[in-house]
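Convention: sequence-line order gives letters A, B, ...; per-chain numbering from 1.
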Protein chains: 2
Amino acid sequence: MTEIDRIDRKILKFLQQDGRISTVDLAEKVGLSPTSTSDRVKRLQREGFIAGFGARLDPHRLGLELLVFVEVSLDKTTPDVFEKFAEAVRRAPEVLECHMVAGGFDYLVKTRVADMAAYRHFLGEILLALPGVKETRTYAVMEEVKSDGILPV
Amino acid sequence: MTEIDRIDRKILKFLQQDGRISTVDLAEKVGLSPTSTSDRVKRLQREGFIAGFGARLDPHRLGLELLVFVEVSLDKTTPDVFEKFAEAVRRAPEVLECHMVAGGFDYLVKTRVADMAAYRHFLGEILLALPGVKETRTYAVMEEVKSDGILPV
DNA sequence: GTTGAAAATCTAGGTTT
DNA sequence: AAACCTAGATTTTCAAC
């Protein structure tokens, strides 16, 4: 039920790299027949190892030239600031990721925007406008050394 | 050549959410025939808007329970520390992302590991073992508020 | 951008080890 | 239980419009 063998891991590795590989080609790579390969892929989906499939877009090609990380500290006097902040962030399309962290600040926000002007707008009009936001520190990305996000399977 | 219209944006949006949607279903959603939809998808790939397709795996289902961000500061006395560091990071499978940032530190590293023990091993044996690493600050993620990474198209 | 037929792929059933 | 094979159904591709 929850066991996952060497072949399953190979399947996951190849599907991460190419989510549209045909069952025939995938079967060839993992050394099984197309039918059993397809059965395994379905099982990996059904059991939640594969959450879904998606196209990887090139942000720069789409005019989103600036990647920015923002550290956010909240004013913890109101009880529901965290819930309010999380809700707003989930609705903001500029926010690609947002994580509550343990340490010096409360949330780490990853955002992509067209340019610095767009970021200033996002910071001033959206992020700082949220209730409870006490302090932010902005880190603009100069070079994306690695950004595939491929999980080690 | 580089123009991208409303229908292209719809295609990109749907393909981000479901990279394995059939051409027929995608055509239905964007209001075009399957053939022209397929032509557009091919063009969007050829012109670099779509970098590729991939399976989205569930890290928790794979036993990677801990998401950690690490701020890394380098000792900038040696000229090629940056290149050496970048090279090593690209080879490390635990590192999902690594960005050179402007601000208080040099690199922001995103990593997923099984548990705290695995993270301590990664930090001690891999990250701190790299030449030129002067200082690190670790932020363990307590809650992933948003992590889809869907680009606003 | 559309239509319609040929080719490739995927799916489902039954068979073997 | 897992892998496999064959045939029917879908989907994709490629021509002509």
Atom pair distance, as rounded to whole Å: [atom1] in [X] and [atom2] in [N]:
X     : N      : atom1 : atom2 : value
B:R43 : C:dG1  : CZ    : P     : 8 Å
A:L32 : C:dT17 : CG    : P     : 18 Å
B:I21 : C:dC10 : CD1   : C1'   : 17 Å
A:L26 : C:dC10 : CG    : P     : 10 Å
A:E28 : D:dC4  : CD    : P     : 13 Å

Residue mapping more 5' on DNA chain C - nearest nucleotide basis, B:D39 or A:T35: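 Checking each residue's closest nucleotide, the 5'-ward one belongs to B:D39.
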Sugar-phosphate, base or nothing in reach of B:R20, heavy atoms under 4.0 Å: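 B:R20: no heavy atom of the nucleic acid under 4.0 Å.
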So, OP1 or OP2 of [N]: does either fall under 4.0 Å of a side-chain N or O from [X]?
X     : N      : result
A:R40 : D:dA2  : no
A:K42 : C:dT11 : yes
A:S36 : D:dC4  : yes

A:R56 bridged to A:D148 by N-O distance under 4.0 Å: no
Side-chain donor/acceptor contact of A:T23 with base of C:dC10 under 3.5 Å: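 Per atom types, no contact qualifies.
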A:V95 and A:F122: CA distance, side-chain angles, deciding distance, side chain to side chain contact (heavy atoms under 4.5 Å, CB included) verdict: CA-CA 10 Å; A:V95 174; A:F122 167 74; 3.7 Å; yes
B:S38, nearest nucleotide to its side chain (from D:dT12, D:dC4, D:dT13): D:dT13
B:F49/B:V153 under side chain to side chain contact (heavy atoms under 4.5 Å, CB included): CA gap, chis, key distance, verdict: CA-CA 11 Å; B:F49 294 99; B:V153 289; over 6 Å; no
Distance-only donor-acceptor check, side chains B:E65 and B:H60, under 3.5 Å: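 Note: B:E65 and B:H60 side chains meet the donor-acceptor criterion.
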